[in-house]
Amino acid sequence: MKQEKDQVKQTAAQVWKNNWFLIKLCLAASPGYVIFAVLDSVRNQVSIFFEHTYGIGYVLEAAEFHYPFRQVAVFLLILFGGVTLGMIFTSFVWDYMMEKERPKIREKIKLLFYEKAKELDLECYDNPEYYNQLVLVLGEVDKQVDRCVTFLQNTASGIAVFISTGIYFFMKDKVSIPFAVVSFVMAFCFNQLFNKLTFKIRIARNPHERKREYVKRVFYLSDYAKELRLNQEVSGVLFDRFEEANEEVYQVEKRNANRRFFLSFMRRYVSNGFFSDVLYISYLVFQATVRKALSFSSVAILYNSFGRLKRGMSIFTDVYPFACETSLYVQKMRDFLGFEPKIVSEKGLLPAEGAKEIKLQGVSFAYRKEDGDLLKDISLHIKPGQKIALVGYNGAGKTTLVKLLMRLYDVDKGRILADGTDIRDYQVEKYRESIGTVFQDFRIFAGNVRENVLMNIADDCEEEPIRQALSESGLLEKIQEMRDGLDTQLTTEIMEKGVNLSGGESQKLAIARVFYQKAGLMILDEPSSALDPIAEYQLNHAMLKATKDKTVIFISHRLSTTRLADHIIMLEKGRIAEQGTHEELLKTGGKYAQMWRVQAGAYIDV
């Protein structure tokens with residue numbers, strides 16, 4: 001609870017700095033969008049003042065005190081001309097400028113956050129608290145950009161109302177001003193309390209809404225379609241979780257309902273309506289009928305203008321609490337943009353080309369300290385050009401080990417050397433680029449075949465290396481059968497005429513990415529898990545041919561693949577249990593031999 005209060009408590013300086021930060025982002029992305037929106041809000045308030053306050057007041061006084069008709073007609077023509085020019089300006093701003101610039105400003109600011117998200121350490125995605133913040137920040141970008149522009153518009157229009165209507169009140173009846181001031185102060189206080197409560201509710205709802213969003217994704221994403229239809233009981237479980245999440249959201253709202261109603265009532269009625277519709281109108285009637293200090297035309301226009309001044313000043317009461325709420329979200333955005341990756345280059349060295357030599361010296365690692373080490377004192381030496389197979393039961397630490405090799409995480413103890421240099425001394429991006437990788441949970445992106453092989457924009461690239469990579473992975477023949485060849489759009493998520501590859505075809509495409517990279521170290525996590533035996537045999541021999549001058553590490557539960565390795569390392573409970581060639585490990589009769597007999601024993605004599 002104390003932590004929640006600390007998150008909401010802000011100084012005025014923090015509020016200003018956070019809002020100014022967002023304003024600068026918006027101005028940098030599209031200055032025209034921001035400036036024209038503010039100018040139009042000022043124009044609108046000035047126009048309203050001349051139409052509804054000064055203009056109506058002048059006409060009423062003309063009727064009461066018999067001004068010449070020609071004088072009134074000239075005034076009305078000038079007023080009409082000014083209003084017409086203002087409407088033309090508004091049409092230009094909102095129908096042209098806003099429609100043109102709004103997509104630009106949103107795109108530029110979103111790209112800024114996407115670029116930052118790309119820099120995040122992988123461990124951030126394993127941290128539920130940080131991931132909640134990431135989802136919140138990325139989900140709020142459009143809304144906060146709109147709030148920033150609204151904040152500037154409200155501030156500018158409030159100043160315009162205060163100056164124009166305030167001067168008018170000062171000239172007509174100074175005593176009216178305290179009524180507006182008291183209403184202003186009360187509304188200010190209650191609006192601030194209301195907006196803080198709204199933010200607390202939003203934060204409390206966020207994890208439960210994420211659960212609801214997850215269930216929604218399960219029912220509309222094609223990834224889950226087959227499982228839902230083949231396992232009908234899963235739908236029931238998901239419905240229960242959806243209802244639980246809804247109930248949690250309802251409870252959050254219920255706990256805060258009474259306080260929210262009270263604050264809303266005080267800020268909307270007592271602080272605003274009660275003062276104008278009860279107290280102030282009584283004062284004006286007294287001034288006109290008892291003291292004879294105001295004309296009836298002045299009473300009418302002052303009451304009408306007091307409503308406008310009250311609304312104008314209520315904009316001021318909303319501006320600071322509005323800025324406070326925006327500031328709370330912007331602070332999370334700034335925290336996100338200010339995140340410094342822990343995995344950084346210590347010396348900025350460039351990795352050498354060619355097959356890599358890898359050494360692990362006493363490597364230990366844990367995702368969470370409280371769970372204990374997942375890898376324990378791993379030491380091994382992989383020679384340049386060697387083909388290494390990592391085997392073991394699920395949870396033994398195989399995938400975690402290759403993540404450390406790629407420096408997606410840093411080791412807790414020990415060190416990893418690539419070509420005799422600690423991998424922490426290399427430039428992170430260049431080091432990762434020197435490694436070709438296919439994980440078992442690879443993804444096919446909504447783009448054409450070229451882009452999915454290159455993992456980049458495919459303009460002005462040579463076709464032959466792409467075709468060679470697809471040929472080595474065994475997918476080229478299938479691609480050539482497609483009408484658009486390398487330009488075939490994959491997945492139907494964006495393009496209606498896109499092609500959904502089968503599991504085996506998708507895996508071949510992912511492997512083609514590695515062949516295209518020409519990397520010195522290749523890491524393949526279950527490279528043939530989705531392939532039939534013939535395709536697996538063909539791929540294995542293609543890999544041997546394509547990687548003869550590279551260091552290769554592959555993880556496989558299918559031991560027919562591991563036979564091709566120069567050296568096999570078996571992990572068990574985070575430690576190296578056995579290592580050697582296929583024949584050596586079979587002779588020892590250990591865990592590897594046991595796994596081999598289970599898989600191959602039914603087909604061949606072992």
Side-chain angles (χ1 to χ4, degrees), residues 1-12 14-19 21-23 25-26 106 109-110 113 116-117 124-125 127-152 154 187-217 241-268 317-339:
M1 190 68 178
K2 183 179 185 301
Q3 183 181 3
E4 189 179 81
K5 290 181 179 178
D6 291 340
Q7 289 175 341
V8 177
K9 188 176 181 181
Q10 300 180 102
T11 64
Q14 284 178 302
V15 172
W16 162 247
K17 287 179 181 178
N18 286 336
N19 279 273
F21 172 81
L22 186 57
I23 290 169
L25 279 184
C26 293
R106 289 181 173 177
I109 294 178
K110 276 186 175 179
F113 284 93
K116 189 63 183 181
C124 294
Y125 292 87
N127 184 335
E129 183 179 345
Y130 193 92
Y131 189 69
N132 276 340
Q133 180 168 317
L134 171 61
V135 171
L136 179 65
V137 166
L138 295 180
E140 287 286 331
V141 171
D142 283 350
K143 182 179 177 181
Q144 296 312 316
V145 168
D146 291 341
R147 283 178 66 90
C148 174
V149 176
T150 301
F151 168 74
L152 292 174
N154 289 350
F188 174 86
C189 296
F190 284 112
N191 269 316
Q192 192 170 15
L193 293 172
F194 182 84
N195 283 319
K196 285 184 177 180
L197 179 62
T198 299
F199 177 76
K200 286 183 179 179
I201 293 172
R202 176 72 178 86
I203 295 300
R205 286 170 53 122
N206 187 52
H208 309 303
E209 289 177 345
R210 274 191 59 216
K211 292 178 184 177
R212 292 197 303 190
E213 284 299 310
Y214 169 75
V215 174
K216 184 176 77 172
R217 289 199 305 273
R241 291 182 180 177
F242 187 79
E243 290 176 1
E244 288 173 7
N246 274 334
E247 178 62 23
E248 291 293 341
V249 171
Y250 169 73
Q251 290 300 326
V252 170
E253 294 289 349
K254 183 179 178 181
R255 285 194 298 270
N256 295 279
N258 291 338
R259 190 179 176 202
R260 194 173 191 174
F261 169 76
F262 171 75
L263 293 175
S264 181
F265 176 78
M266 293 299 293
R267 78 188 186 108
R268 290 183 181 275
T317 66
D318 291 340
V319 160
Y320 184 72
F322 186 92
C324 287
E325 183 178 353
T326 302
S327 173
L328 292 166
Y329 291 106
V330 174
Q331 185 60 53
K332 290 186 175 294
M333 292 180 176
R334 294 185 72 181
D335 291 342
F336 175 74
L337 291 174
F339 172 81

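- A 6.0 Å sphere centred on NZ of Lys116 holds more than 12 heavy atoms belonging to other residues, nucleotides or ligands.
- Leu263 contributes atom CG, which lies 9.0 Å from atom CE of Met266 (distance to the nearest 0.5 angstrom).
- The salt bridge (Lys or Arg N to Asp or Glu O under 4.0 Å) test applied to Lys110 returns Asp142, not counting sequence neighbours.
- Note: Phe113 and Phe336 have parallel aromatic rings, judged against thresholds of 30 and 60 degrees for the angle between ring planes.
- In this structure the side chain of Lys17 reaches within 4.5 angstrom of the side chain of Arg334, judged on heavy atoms.
- Distance CZ/Phe265 to CZ/Phe194: 14.0 Å, rounded to 0.5 Å.
- Cys148 has its side chain out of reach of Thr326: every pair of non-hydrogen atoms, C-beta onward, lies at least 4.5 Å apart.
- Judged as a side-chain contact (heavy atoms from CB on, under 4.5 Å), and not counting sequence neighbours, the contacts of Lys216 are Glu213, Tyr220.
- Salt bridge present: Arg147 and Glu325 bring a charged side-chain N and a carboxylate O closer than 4.0 Å.
- Taking all atoms of both residues into account, the shortest heavy-atom contact from Leu152 to Ile23 is CD2-CD1, 3.6 Å.
- When all heavy atoms of Gln10 and Cys324 are compared, the pair lying nearest together is NE2-O, 3.1 Å.
- No donor-acceptor pair closer than 3.5 Å links the side chain of Ser264 to the backbone N or O of Arg260.
- Glu244 is not listed as a side-chain neighbour of Lys211, based on a closest heavy-atom distance of 4.5 Å or more.
- With sequence neighbours excluded, the residues that form a side-chain contact (heavy atoms from CB on, under 4.5 Å) with Glu247 are Tyr250, Gln251.
- Using cut-offs of 30° and 60° on the angle between ring planes, the pair Tyr329 and Phe199 is perpendicular.
- Heavy atoms only, all atoms of each residue included: Asn195 and Phe322 are closest at ND2-N, 3.8 Å.
- When the salt bridge (Lys or Arg N to Asp or Glu O under 4.0 Å) test is applied to Asp335, no partner is found at least two apart in sequence or on another chain.
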Original post:
Given the rule in the side chain to side chain contact (heavy atoms under 4.5 Å, CB included) test, do Arg106 and Asp146 qualify, once you have shown the distances and angles that lead to the verdict?
Top reply: CA-CA 9 Å; Arg106 289 181 173 177; Asp146 291 341; 2.6 Å; yes

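- Glu209 pairs by the side-chain contact (heavy atoms from CB on, under 4.5 Å) definition with Arg202, Arg205, Arg212, Val249, not counting sequence neighbours.
- Listed by chain and number, the residues in a side-chain contact (heavy atoms from CB on, under 4.5 Å) with Tyr214 are Arg217, Val218, Tyr224, Leu238 (sequence neighbours excluded).
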**OP:** Decide yes or no on side chain to side chain contact (heavy atoms under 4.5 Å, CB included) for Ile201 and Val252, but give the supporting numbers first.
**Re:** CA-CA 7 Å; Ile201 293 172; Val252 170; 4.0 Å; yes

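- Atoms NZ and CG, on Lys200 and Leu328 in that order, are 10.5 Å from each other to the nearest 0.5 Å.
- When side chains are defined from C-beta on, Asn256 does not count as touching Phe261, because their heavy atoms never get closer than 4.5 Å.
- The closest donor-acceptor contact from the side chain of Asn19 to the backbone of Ala323 lies under 3.5 Å.
- When atom types are taken as modelled, the side chain of Gln14 and the backbone of Thr11 share a donor-acceptor pair closer than 3.5 angstrom.
- At a threshold of 4.5 Å between non-hydrogen side-chain atoms, the residues Gln144 and Leu22 count as touching.
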